[in-house]
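Here the structure comes first, spelled out in structure tokens, and everything after it is commentary.
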There are 2 protein chains.
Amino acid sequence: MTPAGYPVPEMSEVQLVDILRAVADPIRLEIVRVLADGEPHSKHEDDWGFDVHKSTLSHHFKALREGGVTLTTVSGRTHVIQLRRRELDKKFPGLIDALVTEEPS
Amino acid sequence: MTPAGYPVPEMSEVQLVDILRAVADPIRLEIVRVLADGEPHSKHEDDWGFDVHKSTLSHHFKALREGGVTLTTVSGRTHVIQLRRRELDKKFPGLIDALVTEEPS
DNA sequence: GCTATTGTTTGACAGGCATCAAACAATAAA
DNA sequence: TTTATTGTTTGATGCCTGTCAAACAATAGC
């Protein structure tokens, strides 16, 4: 049994501009930076500390997933989100690195 | 005398998310990819071949400039646009490369 | 001085998007 | 079987954005 989740686009269908649109938002960019530690993260509001309503956060998670950036695994009540790092690095070499790299002053 | 141009934001004020918003559009991404040859390019409609009105193209050029991506030099009637490549590479290492790199199938 | 060229600007319009609030859904715990 | 937890979904709202068309602006050439 594969773990339950939400549908994601196949990486072969994902265009660079889709990724860029998904990531061109302060909150979603920050989410990606956190996910870049390689670990799965809960979607739970308190784990993120953004000053937005939980439905807004859910909307951002959906945008990332549908944009091809993330993958959601559901187990019980908790939803766990991860970066599709290996696939992204293969299809868009250096992109995630560039998004995560701390900018020089 | 420095060549006439349009105001651009200082790179120190430019945030990554500004660049991403500027580039998260099919036409503007394609413009950046063309400019990545390092050469200055005319803004003239026919040099680009996009199927949009010239005022729309002008709007995209403005978005790129205000987003910190490009630099415009005016000489006579012709406007010349270039990528702020050195500054961008310094502040956002690897980003432009990732945007320009041809995606594997 | 006219006229053509090369763009920008402004207005209008439709669609998309970030946000909140409220309702809903599914699971876990009591 | 209630109740609490962890989210999603569905309106509603206001703002932003991509587009075209038309008017404007500046320069070059006749």
Side-chain angles (χ1 to χ4, degrees), chain A residues 1 3-9 15 17-32 34-35 40-82, chain B residues 1 3-9 15 17-32 34-35 40-82:
Chain A
M1 285 221 313
Y6 283 84
V8 292
Q15 315 266 104
V17 74
D18 299 324
I19 305 285
L20 294 175
R21 273 198 310 110
V23 152
D25 173 275
I27 289 186
R28 293 199 293 266
L29 180 58
E30 180 59 27
I31 291 173
V32 168
V34 169
L35 293 181
H41 285 256
S42 162
K43 286 182 180 171
H44 196 269
E45 225 187 338
D46 304 339
D47 295 359
W48 296 93
F50 295 119
D51 196 22
V52 292
H53 198 273
K54 64 174 183 169
S55 59
T56 301
L57 200 51
S58 182
H59 159 73
H60 286 307
F61 288 137
K62 186 178 187 180
L64 286 172
R65 173 169 43 82
E66 292 182 341
V69 179
T70 58
L71 193 125
T72 298
T73 310
V74 177
S75 71
R77 270 186 311 197
T78 67
H79 294 204
V80 159
I81 189 177
Q82 334 179 34
Chain B
M1 285 224 314
Y6 283 84
V8 292
Q15 314 269 105
V17 74
D18 300 323
I19 305 287
L20 294 175
R21 274 198 309 112
V23 153
D25 173 275
I27 290 186
R28 294 200 293 266
L29 180 58
E30 180 58 26
I31 292 173
V32 168
V34 169
L35 294 181
H41 286 255
S42 162
K43 287 182 180 171
H44 195 269
E45 225 186 338
D46 304 338
D47 296 358
W48 295 93
F50 295 118
D51 196 22
V52 292
H53 198 274
K54 64 174 182 167
S55 59
T56 302
L57 199 51
S58 183
H59 159 73
H60 286 308
F61 287 138
K62 186 178 185 180
L64 286 172
R65 174 169 42 81
E66 293 182 340
V69 179
T70 59
L71 193 123
T72 297
T73 310
V74 177
S75 70
R77 270 186 311 196
T78 67
H79 294 205
V80 159
I81 189 176
Q82 331 179 37

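First the proteins, then the strands, lettered A, B, ... as listed; each starts at 1. What you are looking at is a predicted structure, and each value in this text was computed from that prediction instead of being measured.
Look at CD on B/E45: it is 16 Å from C1' on C/dA4, rounded to the nearest Å. Rounded to a whole Å, the NE2 atom of B/H41 is 18 Å from the C1' atom of C/dG7. For A/R28 and C/dC17, the CZ to C1' distance is 8 Å, given to the nearest whole Å. Atom pair A/H79:NE2 and D/dT5:C1' shows a separation of 11 Å (rounding to whole Å applied). What separates NE2 of B/H59 from P of C/dT10 is a distance of 14 Å, to the nearest Å. We find that CZ of A/R65 is positioned 13 Å from P of D/dG7, with the value rounded to whole Å. A/F61 has its CZ atom 16 Å from the C1' atom of D/dT9, to the nearest Å. Atom-to-atom, NE2 of A/H44 to P of D/dT6 comes out at 4 Å; the value is rounded to the nearest Å.
The side chain of B/S58 contributes an N or O atom lying less than 4.0 Å from OP1 or OP2 of C/dT8. Distances shorter than 4.0 Å separate none of the side-chain N or O atoms of B/S55 from OP1 or OP2 on C/dG11. Listed pair B/R21 / D/dT17 meets the phosphate criterion, a side-chain N or O lying under 4.0 Å from OP1 or OP2. Under 4.0 angstrom from either OP1 or OP2 of D/dT19 there lies no side-chain N or O belonging to B/H53.
In this structure, CD in B/E45 is found 6.5 Å from CG in B/L57, a value given to the nearest 0.5 Å. Within the model, atoms OG1 of B/T78 and NZ of B/K43 stand 10.0 Å from one another, a figure rounded to the nearest 0.5 Å.
No more than 12 heavy-atom neighbours from other residues, nucleotides or ligands sit within 6.0 angstrom of CG on B/D51.
Here the shortest heavy-atom pairing between B/V32 and B/V69 reads CG2-CG1, 3.9 Å.
Each of B/H60 and A/L57 lies near DNA chain D, and the nucleotide nearest A/L57 is the one positioned closer to the 5' end. Take the nearest nucleotide of DNA chain C for A/I27 and for B/S42: the residue whose nucleotide is more 5' is B/S42.
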Protein-proximity profile, nucleotides 24-30 of chain C, B/S/- by nucleotide at the 4.0 Å heavy-atom cutoff, equals ---BS--
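In this structure the side chain of B/W48 reaches within 4.5 angstrom of the side chain of B/H41, judged on heavy atoms.
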(message) A/H79 vs A/F61, test: side-chain contact (heavy atoms from CB on, under 4.5 Å). Steps then yes/no.
(response) CA-CA 11 Å; A/H79 294 204; A/F61 288 137; over 6 Å; no
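Sorted by first and then second residue, the side chain to side chain donor-acceptor pair (under 3.5 Å) pairs with a member in residues 58-70 of chain A read A/R28-A/H60; sequence neighbours excluded.
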